[in-house]
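Below, chain A is the first sequence line, B the second, and so on; all start at residue 1. Keep in mind that what you see is a predicted model, and the values were worked out from it rather than measured.
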There are 2 protein chains.
Amino acid sequence: MSAIVPVPLYQAKAEFFRTLGHPARIRVLELLSERDHAVHELLDAIEIEQSNLSQQLAVLRRAGLVVQRREAGAVVYAISVAEVRDLLLAARAILAAVLAGQEQLRSELGGGAP
Amino acid sequence: MSAIVPVPLYQAKAEFFRTLGHPARIRVLELLSERDHAVHELLDAIEIEQSNLSQQLAVLRRAGLVVQRREAGAVVYAISVAEVRDLLLAARAILAAVLAGQEQLRSELGGGAP
DNA sequence: TTAGCACTTGAACACTTCTTCAAGTAACTG
DNA sequence: CAGTTACTTGAAGAAGTGTTCAAGTGCTAA
């Protein structure tokens with residue numbers, strides 16, 4: 001049990017959220033939370049260059065959110081932490097609430113007719 | 001009901017996570033998820049300059065995550081979307097899992113003796 | 001063993017985000 | 001009304017990220 005927290009907790013959290021702060025990385029996590037995917041499968045699903053995808057996968061790997069394995073000549077990625085699914089769901093709920101709130105605000109400001 | 005999604009959903013999600021990707025902003029959201037706070041209270045709790053705090057609050061406001069009101073000469077901030085609390089909890093769980101995973105990996109790699 | 005496919009890495013430049021400073025607004029207070 | 005407290009804003013340079021290109025690694029198969 002480690003008594004020392006090397007990085008302040010708030011900074012660790014912030015870094016964690018920044019890791020999720022990229023469309024391709026979100027896309028990858030959503031795909032992986034359905035099932036494991038080979039790199040070429042991700043590549044088919046996401047509009048992005050291979051080397052760029054690799055860079056983004058490296059970010060997720062460094063953050064410890066995904067793991068890599070080799071299988072029949074292909075590299076297969078998987079979510080390493082099951083809770084990621086919950087987080088994506090929570091985010092979806094907030095986003096829906098925020099967008100709904102903005103919508104309501106807009107219509108209140110608009111007053112019914114432009 | 002809007003049929004047009006102006007910003008691709010993945011990009012909206014990514015932007016949302018990037019909004020959370022700053023230690024001061026996380027700190028603010030955690031404080032606000034306990035109770036509403038005046039700016040000067042946040043300032044006492046977070047080590048940051050007033051103008052910097054204001055900038056970060058503006059980011060949260062623009063993202064629609066907090067709202068501002070004036071009360072007895074002070075500006076008071078509040079969480080606008082209750083689900084934020086769930087998200088912070090989910091994030092905490094993942095972070096714990098990831099850190100635990102890294103810890104385990106480290107000890108496996110270390111193998112007991114260097 | 002050499003060729004080829006599948007993927008990763010390093011480096012450079014463009015782009016975004018942070019922090020800070022100076023100036024600005026807004027509501028109380030005498 | 002002038003001063004004070006409380007907070008926000010704009011702008012500019014520093015720091016950090018993202019995208020792309022060229023080169024590299026590691027299986028697999030001929």
Worksheet item: Roughly how many Å is it from CD in Gln50(B) to C1' in dT25(C), rounded to a whole number?
Response: 13 Å

Worksheet item: Rounded to the nearest Å, what distance is computed from the NE2 atom of residue His22(A) to the P atom of nucleotide dT19(D)?
Response: 4 Å

Worksheet entry | Nearest-angstrom distance from the residue atom CG of Leu42(B) to C1' of dA6(D) | 13 Å

Worksheet item: For dT17(D), does OP1 or OP2 lie under 4.0 Å from any side-chain N or O of Arg18(A)?
Response: yes

Discussion item. If I take atom CD in residue Glu49(B) and atom C1' in nucleotide dT8(D), what distance separates them, rounded to the nearest angstrom?
Written reply: 14 Å

Worksheet item: Under a 4.5 Å side-chain heavy-atom rule over Ile, Leu, Val, Met, Phe, Trp and Tyr, are Tyr10(B) and Leu65(A) clustered together?
Response: yes

Worksheet entry | Considering all heavy atoms, the nearest Val81(A)-Ala97(B) contact | CG1-CB, 3.6 Å

Discussion item. Output the rounded distance in Å from CD1 (Ile46(A)) to C1' (dC7(C)).
Written reply: 15 Å

Item to complete: Take atom CZ of Phe17(B) and atom C1' of dT17(C), then tell me their distance rounded to the nearest Å.
Response: 19 Å

Worksheet item: Relative to the 5' end of DNA chain D, which residue comes earlier, Leu43(B) or Leu53(A), by the nucleotide with the nearest heavy atom?
Response: Leu43(B)

Discussion item. OP1 or OP2 of dA6(C) versus the side-chain N and O atoms of Tyr77(A): is any pair under 4.0 Å?
Written reply: no

Item to complete: Return the value, rounded to whole Å, for the distance between atom CG of Asn52(A) and atom P of dC7(C).
Response: 15 Å

Discussion item. Are Val66(B) and Leu31(B) linked, directly or through intermediate hydrophobic residues, by side-chain heavy-atom contacts shorter than 4.5 Å (ILVMFWY only)?
Written reply: yes

Worksheet item: Within less than 4.0 Å of OP1 or OP2 of dC5(C), is there a side-chain N or O belonging to His40(A)?
Response: no

Fill in: Given DNA chain D, 5'-ward residue of the pair Gly73(A) and Ile48(A), judged by closest heavy atom
Ile48(A)

Fill in: Student check: side-chain heavy atoms of Tyr77(A) and Val28(A) closer than 4.5 Å
no

Practice prompt. Assign Glu71(B) to base, sugar-phosphate, or nothing according to its heavy-atom contacts below 4.0 angstrom with the strands shown.
Written response: nothing

Worksheet item: What's the shortest heavy-atom distance between Leu88(A) and Ser33(A), and which atoms?
Response: CD1-OG, 4.3 Å

Practice prompt. Could you go through the side chain to side chain contact (heavy atoms under 4.5 Å, CB included) check for Gln50(B) and Val39(B) one step at a time?
Written response: CA-CA 9 Å; Gln50(B) 163 126 215; Val39(B) 172; 4.2 Å; yes

Item to complete: Pull out every residue in residues 58-66 of chain B that has a heavy atom closer than 4.0 Å to any atom of DNA chain D, ordered by number, or say none.
Response: Arg61(B)

Fill in: hbond_proxy Ser51(A) side chain to dC7(C) base (donor-acceptor, 3.5 Å cutoff)
no

Worksheet entry | Sugar-phosphate only, base, or nothing, as touched by Glu41(B) at under 4.0 Å among non-hydrogen atoms | nothing

Practice prompt. May I have the distance from Glu15(A) (atom CD) to dG16(D) (atom C1'), rounded to whole angstrom?
Written response: 12 Å

Practice prompt. Answer yes or no: does a side-chain N or O of Gln68(A) lie under 4.0 Å from OP1 or OP2 of dC7(C)?
Written response: no

Worksheet item: Contact class for Gln55(A) (heavy atom, under 4.0 Å): base, sugar-phosphate, or nothing?
Response: base

Worksheet item: Same hydrophobic cluster for Leu43(B) and Leu29(B), using side-chain heavy-atom links shorter than 4.5 Å among ILVMFWY?
Response: yes

Practice prompt. Using a cut-off of strictly less than 4.0 Å, decide whether Arg25(B) has a side-chain nitrogen or oxygen near OP1 or OP2 of dC18(C).
Written response: yes

Worksheet item: Does Leu99(A) share a hydrophobic cluster with Val59(B), counting links as ILVMFWY side-chain heavy atoms below 4.5 Å and allowing steps through other members?
Response: no

Worksheet, complete the sentence: Between Gly21(B) and Arg70(B), the residue closer to the 5' end of DNA chain C by nearest nucleotide is Gly21(B)

